[in-house]
Amino acid sequence: MSPAKPILLAEDNPRDAELALAAMEEHHISDKVVVCHDGAEALDYLYCRGVFASRQRGNPAVVFLDLKMPKVDGLEVLRAMKSDASLRSIPVVILTSSREERDLRESYALGANAYVVKPVEFCRFVSAVKELSMFWGIINEPPPDPLPPKT
Amino acid sequence: MEPSKNEEPRVPPVETGGVDPGVAAPEPDSLGPTRVPWFRSLTIERRILFGFSLVFIGILFICVISYGNTRLLLDNSGRDTRSYELIQTLRDVDVATDEAEKHLRRYLVTGEPIYLGNYREVVKQKTTLVTYVKDLVRGSVDQEERAERLSQVMDRQFTAQAAAIAKLTEGGIRAVKKTALDGPAKREIAEIHRIVAAMDQHERETMHMRVMQSAAETEKTIALLAAGALLQLVLLTSVYYLIRHDITERRRVAAELKRHGALLEAANKELESFSYSVSHDLRAPLRHIDGYAALLRKAMADAMNEKAARYLDTISASAKQMGQLIDDLLVFSRMGRQEMFRTTVDLAQLVSAVRDDLRLDLHGRTISWTIGALPSVPGDPAMLRQVFMNLIANAVKFTSTRPAAEIAIGVDRRTPTEVVIFVRDNGVGFDMRYASKLFGVFQRLHRADQFEGTGIGLANVRRIVHRHGGRAWAEGAPDQGATFYVALPVEEKTR
């Protein structure tokens with residue numbers, strides 16, 4: 001039942017990351033999750049550079065993106081992804097604490113595919129993360145990887 | 001029903017009170033042209049109006065004086081013309097009198113009819129002249145009298161001369177020889193000369209006096225006009241200073257307002273970034289508390305005793321509650337900053353929609369609803385919806401202990417400026433002593449285990465109603481239900 005492609009979780013808070021992973025544990029989805037601790041690292045992963053230079057090529061099935069992160073924040077990652085032809089089609093789910101209208105507006109304006117507010121209650125948090133990873137990681141058919149440029 | 005005791009002040013104490021630039025009265029120590037108390041009590045508009053009225057009255061005064069003087073000068077110049085005419089005519093009379101006497105004497109001496117013809121010609125002319133003189137002296141009693149005497153003396157002269165002519169016809173030249181030598185009307189002619197001289201003298205004197213009068217009058221007028229002009233200058237200067245002072249004052253107030261606006265905007269920005277970080281950062285630890293408590297429960301599943309389980313439950317419940325408080329506070333804060341959407345809201349429709357939304361809470365409850373006719377008011381639909389959602393949900397909540405709950409909604413009264421809506425229930429009510437606490441943030445009049453809620457609902461109600469320019473208050477008694485009133489302006493008056 002494990003997804004074919006990895007899920008990229010960009011989350012600066014290690015506890016949030018741990019809780020999210022705990023939520024995904026049940027269906028062994030967590031095996032396929034790559035955790036990045038800020039926006040810069042997430043972009044490194046997407047562009048296969050820095051510490052991810054040697055990773056297996058291919059886009060993730062989905063990016064779970066926190067908004068408030070050090071260095072490069074979620075909205076900047078989203079903007080970079082949506083303005084790059086090879087990354088534009090990757091589904092992006094904003095996973096954040098904030099319900100501020102400003103964030104909602106900007107995220108959707110930049111092309112986010114979904115916006116989920118992390119519930120305070122753990123059981124609701126677990127079910128939200130589980131459902132999200134089930135849907136985007138397994139049920140949903142991710143876009144095929146872009147064709148390598150013809151030489 | 002009159003909400004007399006608990007009526008809250010119309011101006012909320014904490015919210016941004018706008019300063020109306022239109023009523024910015026000048027400071028009492030303004031450099032007005034006068035220190036008269038009643039003048040100080042006037043508004044700047046009235047002061048300026050008063051100043052301009054004085055200027056206008058001054059101009060009117062100057063006009064009247066100028067008109068009077070011009071009129072006098074014109075009249076005098078008309079009289080002068082008549083006087084010159086009179087003097088000329090009198091000279092003619094003088095000459096004609098002598099001429100007539102001369103011709104007659106020649107006739108008397110020679111008997112030549114040609115002289116008689118000449119004489120009659122002059123006599124005819126004289127009559128015309130005297131009539132003209134009488135016409136010219138009309139209005140002056142002295143002169144009229146003299147003209148009359150002149151006329152009479154001339155008549156006598158003619159009579160005397162006619163007698164001489166008759167004598168000549170009767171007794172020939174010899175009979176009139178003496179008369180011809182002396183002159184037939186010597187006395188009368190002398191008299192005529194005297195009268196003419198007197199009239200001439202009188203007229204010249206009158207003319208002279210008139211010239212003096214004109215000059216004096218003109219001098220007086222010039223002085224008055226100069227004084228008037230000076231006064232106008234002073235008045236206009238005062239008005240100018242009044243206006244300038246007012247403009248300076250207004251400019252100062254505008255600058256102050258601008259400064260305050262900038263400060264307010266900065267404060268708002270700060271508040272916004274504050275709630276933004278609250279929204280982002282304050283919730284995360286709570287999620288962790290609840291999350292790790294759950295993980296702990298799972299990890300300890302077998303070894304957990306009842307007490308430990310209860311502790312973990314309490315940790316989770318507290319975290320959740322704090323999460324709820326933060327959410328409520330953010331909503332409350334947003335309610336004060338959010339841009340208002342202005343349109344007309346049909347309250348009847350709104351109330352029925354709210355009841356529809358509450359139908360899950362109404363499940364298993366017996367509530368008898370009495371909904372009166374509700375008006376449409378100007379306002380923000382989403383915000384007003386929240387007001388009625390809170391009030392109706394409260395009514396439902398606090399009647400939950402009643403076997404037969406009754407909730408009534410309707411119009412309490414309507415004035416030309418506002419409409420007062422009430423929401424009444426027969427629930428647990430409250431003590432009027434604590435009425436002022438009802439609308440405070442996180443203020444609750446019931447213990448948490450009695451009725452759930454964070455205590456933000458009514459604070460939101462009041463804030464929204466204030467932003468609509470209205471008022472909100474409540475009446476009630478313990479165990480006898482509560483009535484909440486919302487007064488909303490009928491016309492657009494939002495802040």
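Residue numbering restarts at 1 for every chain, and letters A, B, ... go by the order of the sequence lines. Atoms considered below: every heavy atom in the structure, side chains included; atoms not considered: hydrogens, waters and symmetry mates. Source: prediction; values computed, not measured.
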Top contributor to chain A contacts, counting heavy-atom pairs under 4.5 Å, from Pro285(B), Gly323(B), Gly291(B): Gly291(B)

Quick one: donor-acceptor pairs between chain B and chain A, under 3.5 Å, side chains and backbone, table format.
residue: Tyr276(B); atom: OH; partner: Asp103(A); partner atom: OD1; Å: 2.6
residue: Tyr276(B); atom: OH; partner: Asp103(A); partner atom: OD2; Å: 3.2
residue: His280(B); atom: O; partner: Ser97(A); partner atom: OG; Å: 3.4
residue: His280(B); atom: NE2; partner: Asp103(A); partner atom: OD2; Å: 3.0
residue: Asp281(B); atom: OD1; partner: Lys68(A); partner atom: NZ; Å: 3.1
residue: Asp281(B); atom: OD2; partner: Lys68(A); partner atom: NZ; Å: 2.5
residue: Arg283(B); atom: NE; partner: Ser97(A); partner atom: O; Å: 3.0
residue: Arg283(B); atom: NH2; partner: Ser97(A); partner atom: O; Å: 2.6
residue: Arg287(B); atom: NE; partner: Asp16(A); partner atom: OD1; Å: 3.0
residue: Arg287(B); atom: NH1; partner: Ser97(A); partner atom: OG; Å: 3.3
residue: Arg287(B); atom: NH2; partner: Asp16(A); partner atom: OD1; Å: 3.2
residue: Arg287(B); atom: NH2; partner: Asp16(A); partner atom: OD2; Å: 2.7
residue: Arg287(B); atom: NH2; partner: Ser97(A); partner atom: OG; Å: 3.2
residue: His288(B); atom: NE2; partner: Asp16(A); partner atom: OD1; Å: 3.1
residue: Asp290(B); atom: OD2; partner: Phe122(A); partner atom: N; Å: 2.3
residue: Tyr292(B); atom: OH; partner: Glu18(A); partner atom: OE1; Å: 2.7
residue: Arg334(B); atom: NH2; partner: Glu100(A); partner atom: OE2; Å: 3.4

Kindly indicate whether the side chain of Val120(A), heavy atoms from C-beta on, has any atom under 4.5 Å from the side chain of Ile289(B). no

Met304(B) atom CE, over 12 foreign heavy atoms within 6.0 Å: yes

